[in-house]
Student: 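This is the structure I have questions about; it appears just below.
Here the structure is a predicted model, which is why all the values come from computation and not from measurement.
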Amino acid sequence: MAGLTAAHRLIAAGHTVKLFDKGRGVGGRIATRRSPTGRQFDHGAQYFTAKTPEFQAAVDDWVAAGVVAEWNARVVTLTRGKLATDPSDRTRYVGTPAMNRIAKHLAEGLDVSTGVRATSVERVAGRWKLLADDVALGEFDGLVVTAPPIQARELLGELAIADECLTNMSGCWTVMIEFAAPIPVDFDAAFVNDSPLAWIARNNSKPGRDANECWVLHASPAWSEANIDNEPDEVTPPLLAAFATATGASLPASIHQSGHRWRYALPEKPLAQRAIVDVERCVAVAGDWCGGPRVEGAYLSGIAAAERLLPRSD
């Protein structure tokens, strides 16, 4: 989100932008995975909200384009089997027909290379030479890095700006499961307390999804970090057991289940500033760990990074 947003802002100002993404597709944690049975799971960001007028205006455009819709879910809090209604009246949005539709929409018309991991940068005659191992990716007037902070530090090496990327990000284990029958609970999603789980959601309750009973489970940061080096088939059984305990429901047979590890998922202490910028060298670092987490934070961070660089590049 941060990189795509920065690209749009720079292009609007008349610049040519090239994007590199190490993933198989754009979007990062605004992600959707399809199971062997053909079901879709939003296994990264579950939804997003809009608190600022700037981001709300973008969301309104996405809604008008059919890329985003409101998720009118019943969201509750579960604490050791006790249910409490979530008092928040905020509007929750999701991509349609999947979360990654947002990133795909933003990437339309952009020059994006996926499956490419930049590994180092060099300063050559006032420009940035970007490399993937020993393969040169090109030379550029400016550089915006939107990798997680530890990876941004590795990429930027001994540059002073790298020393400012000090935020740690905790991991998150995700379990995706399709059941043969509906789970008998009277809610669509829940924040979970006192459990290995932090969040559970009935993915098929979101607009544009099919009717099959599909759930996404997110482990808590503490549990995820304690089990970060485990294999997916090791973390799935205890998280399903925690799901049964949290809901108090007898789980029907599963048709498909799988786990996914997000190694860098949640910033422990987001930085106060929206972006880290070296105007003199025309390099910026952005992401949801700058100025506030979540999708809106990444969006605003990308805007901030681009706008800070524009006086230098215009």
Side-chain angles (χ1 to χ4, degrees), residues 1-23 26 28-29 52 54-55 106-107 110-113 116-169 263-264 266-314:
M1 176 60 75
L4 292 167
T5 302
H8 276 279
R9 181 68 185 88
L10 291 166
I11 291 170
H15 299 284
T16 300
V17 177
K18 173 69 179 177
L19 296 97
F20 299 96
D21 194 319
K22 71 174 183 178
V26 295
R29 280 166 284 143
T52 62
E54 184 174 14
F55 187 55
L106 290 173
L110 301 185
D111 185 359
V112 184
S113 293
V116 178
R117 181 176 181 176
T119 55
S120 63
V121 295
E122 297 177 2
R123 191 74 166 156
V124 179
R127 305 189 81 204
W128 291 107
K129 183 178 181 180
L130 192 63
L131 299 102
D133 294 323
D134 296 326
V135 178
L137 300 176
E139 294 185 7
F140 308 93
D141 296 320
L143 182 68
V144 179
V145 179
T146 60
I150 188 171
Q151 295 177 336
R153 292 199 300 268
E154 293 171 354
L155 178 64
L156 296 172
E158 297 181 358
L159 291 170
I161 194 173
D163 295 334
E164 299 182 54
C165 305
L166 297 176
T167 300
N168 292 321
M169 297 191 74
R263 184 61 189 90
Y264 305 108
L266 296 171
E268 294 177 1
K269 291 183 179 180
L271 301 184
Q273 64 266 43
R274 287 286 183 201
I276 303 170
V277 183
D278 182 340
V279 176
E280 180 66 25
R281 293 176 176 80
C282 202
V283 57
V285 186
D288 68 341
W289 50 278
C290 295
R294 311 303 180 192
V295 173
E296 183 170 19
Y299 177 93
L300 295 174
S301 181
I303 293 288
E307 291 185 344
R308 288 283 305 279
L309 294 182
L310 285 175
R312 161 77 182 189
S313 52
D314 283 348

Student: Please find the pair of heavy atoms, one from P267 and one from W289, that lie closest to each other, and give the distance.
Tutor: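 For P267 and W289, the tightest heavy-atom pair comes out as CB-CB, 3.7 Å.
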Student: Please check this pair: side chain of T119 against backbone of L131, looking for a donor-acceptor N/O pair closer than 3.5 Å.
Tutor: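 Looks like yes, one N/O pair under 3.5 Å.
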Student: Side chains of H8 and L106: closer than 4.5 Å at any heavy-atom pair?
Tutor: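 Answer yes - side chains close enough.
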Student: Considering only heavy atoms from C-beta outward, does the side chain of Q151 approach that of R117 to under 4.5 Å?
Tutor: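 When only atoms from C-beta onward are counted, R117 and Q151 do touch, with a gap below 4.5 Å.
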Student: Please give me the minimum heavy-atom distance between V124 and K129, naming the atom from each residue.
Tutor: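 Shortest heavy-atom contact: CG2-CB, 4.1 Å.
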Student: Hey, does I150 have a side-chain heavy atom less than 4.5 Å from the side chain of E154?
Tutor: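 Yes; the side chains approach each other to less than 4.5 Å.
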Student: Kindly indicate, with the supporting measurements, whether the criterion side-chain contact (heavy atoms from CB on, under 4.5 Å) is fulfilled by V277 and E307.
Tutor: CA-CA 10 Å; V277 183; E307 291 185 344; over 6 Å; no
Student: Show, in sequence, the C-alpha distance, side-chain angles and deciding distance for R123 and L159, and conclude whether the side-chain contact (heavy atoms from CB on, under 4.5 Å) test is met.
Tutor: CA-CA 10 Å; R123 191 74 166 156; L159 291 170; over 6 Å; no
Student: From D288 CG over to R29 CZ, what is the distance, rounded to the nearest 0.5 angstrom?
Tutor: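 Going from the CG atom of D288 to the CZ atom of R29 covers 4.0 Å.
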Student: Which atoms form the tightest heavy-atom contact between V144 and A305, and what is the distance?
Tutor: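 Scanning both residues completely, I find the closest heavy atoms to be CG1-CB, 4.3 Å.
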Student: For Y299 and F55, take the angle between the two ring planes, folded into 0 to 90°, and tell me which bin it lands in: parallel under 30, tilted 30 to 60, perpendicular over 60.
Tutor: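 Tilted: the ring planes of Y299 and F55 meet at 30° to 60°.
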Student: Taking L300's backbone N and O only, do any of them form a donor-acceptor pair with E54's side chain (distance below 3.5 Å, no angle check)?
Tutor: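 Checked: no pair found.
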Student: Taking S301 for the side chain and G297 for the main chain, is one N or O donor matched with an acceptor at less than 3.5 Å?
Tutor: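 No; judged by distance alone, with no hydrogens or angles, the pair does not exist.
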Student: Could you tell me which non-hydrogen atom of G3 sits nearest to which non-hydrogen atom of T146, and how far apart they are?
Tutor: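 Closest pair (atom of G3, atom of T146, distance): N-CG2, 3.6 Å.
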Student: Compare all side-chain heavy atoms of D278 with those of E164 and state whether any distance is below 4.5 angstrom.
Tutor: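 No, side chains not in contact.
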Student: Which atom pair, heavy atoms only, marks the closest approach of V285 to C290?
Tutor: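 Between these two residues, the closest heavy atoms are O-SG, 4.2 Å.
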Student: Identify the two heavy atoms, one from T167 and one from E268, that lie closest to each other, and give their separation to 0.1 Å.
Tutor: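 Nearest pair, atom of T167 first, then E268: CG2-N, 4.3 Å.
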Student: For the atom pair NZ (K269) and CG (N168), what is the distance rounded to the nearest 0.5 Å?
Tutor: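 Rounded to the nearest 0.5 Å, the NZ-CG separation comes to 9.5 Å.
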Student: Is there a side-chain contact between V121 and L156 in this structure, where contact means two heavy atoms from C-beta onward sitting under 4.5 Å apart?
Tutor: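 Side-chain contact under 4.5 Å: yes.
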Student: Please evaluate residues R281 and W128 with respect to the criterion side-chain contact (heavy atoms from CB on, under 4.5 Å), reporting the C-alpha separation (whole Å), side-chain torsions for both, the decisive distance (0.1 Å), and the verdict.
Tutor: CA-CA 9 Å; R281 293 176 176 80; W128 291 107; 3.8 Å; yes
Student: Drop me the distance from L137's CG to F20's CZ, to the nearest 0.5 angstrom.
Tutor: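 L137 atom CG to F20 atom CZ measures 4.5 Å (nearest 0.5 Å).
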Student: Could you go step by step and tell me if H15 and D141 meet the side-chain contact (heavy atoms from CB on, under 4.5 Å) rule?
Tutor: CA-CA 10 Å; H15 299 284; D141 296 320; over 6 Å; no
Student: Verify, without hydrogens or angle tests, whether R127 (side chain) and E139 (backbone) share a donor-acceptor contact under 3.5 angstrom.
Tutor: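 Present.
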Student: Quick check: do V17 and L110 have side-chain heavy atoms less than 4.5 Å from each other?
Tutor: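 No. Closest side-chain heavy atoms not under 4.5 Å.
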Student: Run through V283, V145, I161 and flag the one making a side-chain contact (heavy atoms from CB on, under 4.5 Å) with I276.
Tutor: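 The single option meeting the side-chain contact (heavy atoms from CB on, under 4.5 Å) with I276 is I161.
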Student: Is there side-chain contact between L266 and R294, with heavy atoms separated by less than 4.5 Å?
Tutor: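 Heavy-atom side-chain distance check passes, below 4.5 Å.
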Student: Does I303 reach the side chain of R274, with side-chain heavy atoms less than 4.5 Å apart?
Tutor: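 They are not in side-chain contact.
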